Amino acid sequence: MPWELIIWCVSVLLFLALLSQWYWEPRAPFWLRKAKESPLRWYLVGFPITVLRMRFTWRRLCQTADLSVTRRPRYTAVNRDVMVKGTPIRPLAPRLGVPRIMHTGFTVRVHLHPGQTPAQFIASADAFVHAWRIHSIRIVSTKRGEVLMIATARDPLADSATWRKFPAPRLMAAIVGRTGDGSAWVVDFRKVPHWLITGATQSGKSTLLAALVTELGAQPVTLLGIDCKGGMELSLFEKRLSALATDRAEAVTLLQKVLTDLEQRMADCRAAGVRSIWELDDDDRPTPVVIVVDEIAELYLAGAASAGRKEAVECSTLLLRIAQLGAALGVHLVVAGQRFGSDLGPGATALRAQLGGRICHRVNDEATAEMTLGDLSPDAVVVAQAISEDEKGVAVTTIGGQWTRARSTLITPEQAREFSASTSHLAPAFAVSGLESGSGPGGSG
């Protein structure tokens, strides 16, 4: 009896505290108000309440979203000449598994009824978000006959300044931000050699490129830049870049030098009897090269002059050859632009097919998201279109064969300049006549 009384008293106190929260919360001490943002709040309060909400609303939610089925036939014959069409009054909801907690949300498996498909649950994702009062939910099918719901209780992509640091990845892998489940967003060129980044103006492309160059710049990697907008974006890292092309003519010269270097690497691999530079000894392995192209449309769109059209075609051909040959030879492409389709000119579609890594920021039209992510998943296209103007730096990307939302780490121009100056000595020599380059001991002009 005493224990029951204590439990009842504690329950009443908690209930009264919840009702009067509007009064005491603004007057509470600072440390108590900060406790609301503590990760322990999700483990101790948020997750149990969400699980209870799931259990109490699951059957009704499935009925409302037409996810329940019945074992009885849909049509019931009354007599020989009359058939009544009706809906069973007690449908059965799919079996809900045991939720498993994560630090940003939870996962739960749902066992499908015969005849059900994951598409039905994906279409009802918004209903789950509102019924369970969570931030977002992602539904994937990892096993036949069931779907996995990955729920996020709060937005893990907010407040990038407070993100925790992740351990440094291996060579040619860069941590550029954070994914929707709170893990590190890794761009690994050893797994996916070439990447395409699309998005509207001020959607976060430059922020992502800055984070990528910053991470790769701390490694023994040759960084080459092509920025035909006068070098406004990549000039922040000019001291770390081994070469920077600021117009189409310089880009042609740079790409020709890269292609010549590729042919030499092929000869070295053939002489050593290997199929990749990563099979060579460390002392004999050439330095990996990453070519960052900002605003690809400036290379492809030519004016009325025949010289401009000739340079555009030559750029397209050189980029395509580098993409086809560079994967095994340690030469990688990062191509960024507002859109990248056949309307840019000949060779654009062929080059896009070689860019296996896809990153799509906020876009202004469905066609851009479709040409970036359409061959991956129609759901990824819908998610990319849902990115709002306030979510700068948020993108949809491909990781492990699945799509996920992610956000790049914010690198300010001051930080970019400081990093470029402090790592200028790491810029390997890559002599290209007539191009700007890093000013460090390893740089060349």
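A quick note: this is a predicted structure, and the numbers were derived from the prediction, not measured. Counting begins at 1 with the first residue of the sequence.
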Using only atom types and a distance under 3.5 Å, with no angle test, would you say the side chain of R178 pairs donor to acceptor with the backbone of T409? no

Thinking salt bridges, do R285 and D282 make one under a 4.0 Å N-O criterion? yes

In the structure I gave you, are the side-chain heavy atoms of L196 and V334 within less than 4.5 Å of one another anywhere? no

Rounded to the nearest 0.5 Å, the CZ atom of R138 sits from the CD1 atom of I122 at a distance of 10.0 Å

Just to verify, what does R109 make a side-chain contact (heavy atoms from CB on, under 4.5 Å) with, not counting sequence neighbours? T142, E146, L148

Pairs flagged by side chain to side chain donor-acceptor pair (under 3.5 Å) wherever residues 191-204 is involved - sequence neighbours left out: T198-T372, T201-Q338

Residues in salt bridge (charged side-chain N to carboxylate O under 4.0 Å, His left out) contact with R190, at least two apart in sequence or another chain: none

Grab the two heavy atoms, one from W132 and one from R53, that are nearest each other, plus how far apart they are. O-NH1, 3.2 Å

So how far is it from L325 CG to Q354 CD, rounded to the nearest 0.5 Å? 9.5 Å

Go through the structure and list residues passing ring-ring contact (aromatic ring centres under 6.0 Å, His included) with F340, not counting sequence neighbours. Y300

Q385: partners by side-chain contact (heavy atoms from CB on, under 4.5 Å), with sequence neighbours left out: E366, A369, V381

Looking at side-chain heavy atoms only, is the closest gap between I150 and I137 below 4.5 Å? no

Minimal non-hydrogen separation, C360 against L373, with atom names: CB-CD1, 3.6 Å

Within residues 312-324 or reaching into it, pairs that qualify as salt bridge (charged side-chain N to carboxylate O under 4.0 Å, His left out) - sequence neighbours excluded: none

Output, in order, the C-alpha distance, side-chain angles, deciding distance and verdict of salt bridge (charged side-chain N to carboxylate O under 4.0 Å, His left out) for E418 and K239. CA-CA 10 Å; E418 293 177 1; K239 294 182 179 180; over 6 Å; no

Hey, could you give me each pair passing side chain to side chain donor-acceptor pair (under 3.5 Å) that has a residue in residues 208-233? Not counting sequence neighbours. S206-E233

Just by modelled atom types, is the A328 backbone N or O under 3.5 Å from a matching donor or acceptor in the S276 side chain? yes

Passes side chain to side chain contact (heavy atoms under 4.5 Å, CB included), T152 versus I134? Steps please. CA-CA 6 Å; T152 304; I134 55 180; over 6 Å; no

Which atoms form the tightest heavy-atom contact between L216 and R240, and what is the distance? O-NH2, 4.1 Å

Quick one: does R270's side chain have a donor or acceptor within less than 3.5 Å of a partner on R275's backbone? no

Verify, without hydrogens or angle tests, whether D247 (side chain) and E250 (backbone) share a donor-acceptor contact under 3.5 angstrom. yes

Under 3.5 Å side-chain donor-acceptor pair for T260 and Q256: no

Could you list the residues that satisfy ring-ring contact (aromatic ring centres under 6.0 Å, His included) with F419, not counting sequence neighbours? none

Once rounded to the nearest 0.5 Å, what's the spacing between atom CG of L112 and atom OG1 of T117? 8.0 Å

Among residues at least two apart in sequence or on other chains, which ones pass salt bridge (charged side-chain N to carboxylate O under 4.0 Å, His left out) with D365? R339

Is atom CZ of R60 surrounded by more than 12 heavy atoms (other residues, nucleotides or ligands) closer than 6.0 Å? no

Gap separating the CG atom of L351 from the CG atom of L333, nearest 0.5 angstrom: 7.0 Å

Quick one: pull up CG in D294 and CG in L209 and give me the separation to the nearest 0.5 Å. 5.5 Å

Working for side chain to side chain contact (heavy atoms under 4.5 Å, CB included), residues F189 and L171: CA-CA 9 Å; F189 290 91; L171 178 65; over 6 Å; no

Are the side chains of Y43 and H103 in contact, using a 4.5 Å heavy-atom criterion? yes

Residue pairs involving residues 344-363 (criterion salt bridge (charged side-chain N to carboxylate O under 4.0 Å, His left out); sequence neighbours excluded): R358-D375

The side-chain contact (heavy atoms from CB on, under 4.5 Å) partners of A153 (sequence neighbours excluded) come to W42

I291 side chain reached by L223 side chain, heavy atoms, under 4.5 Å: no

Any side-chain to backbone donor/acceptor pair from T50 onto G46? Under 3.5 Å, distance only. yes

Between K257 and D261, is there a side-chain N and carboxylate O pair less than 4.0 Å apart? no

Between E238 and R417, is the closest basic N to carboxylate O distance under 4.0 Å? no

Can any side-chain N or O of S124 pair as donor or acceptor with the backbone N or O of F121 at less than 3.5 Å? no

Start with the C-alpha gap between V147 and H111, add the side-chain angles, then the distance that decides, and say whether side chain to side chain contact (heavy atoms under 4.5 Å, CB included) holds. CA-CA 7 Å; V147 294; H111 299 268; over 6 Å; no

Is a side-chain donor or acceptor of T179 paired with a backbone partner of S183 at a separation under 3.5 angstrom? yes

Would the distance check show the side chain of T412 and the main-chain N or O of Q415 forming a donor-acceptor pair, the cut-off being under 3.5 Å? yes

T423 versus F237: any side-chain heavy-atom pair under 4.5 Å? no

Candidate list C269, P193, P286, P288, test side chain to side chain contact (heavy atoms under 4.5 Å, CB included), partner L329, passing option: C269

CZ-CZ distance between F47 and R100, expressed to the nearest 0.5 angstrom: 11.0 Å

Are H361 and I359 close enough that some pair of their side-chain heavy atoms sits under 4.5 Å apart? yes

Run the numbers on V221 and M172 for side chain to side chain contact (heavy atoms under 4.5 Å, CB included), then give the verdict. CA-CA 8 Å; V221 177; M172 293 305 296; 3.6 Å; yes

Residue pair T397 / A406: nearest heavy atoms and the distance that separates them: CG2-CB, 4.2 Å

If we ignore hydrogens and angles and just use 3.5 Å, is the side chain of T246 paired with the main-chain N or O of C228 as donor and acceptor? no

Polar side-chain atom of T368 near backbone of N364 as donor-acceptor pair, under 3.5 Å: no

Correct closest heavy-atom pair for T207 and I411 would be CG2-N, 4.4 Å

Residues in salt bridge (charged side-chain N to carboxylate O under 4.0 Å, His left out) contact with D188, at least two apart in sequence or another chain: R170

Nearest atoms (heavy-atom pairs only) where S242 meets L224: CB-CD2, 3.9 Å

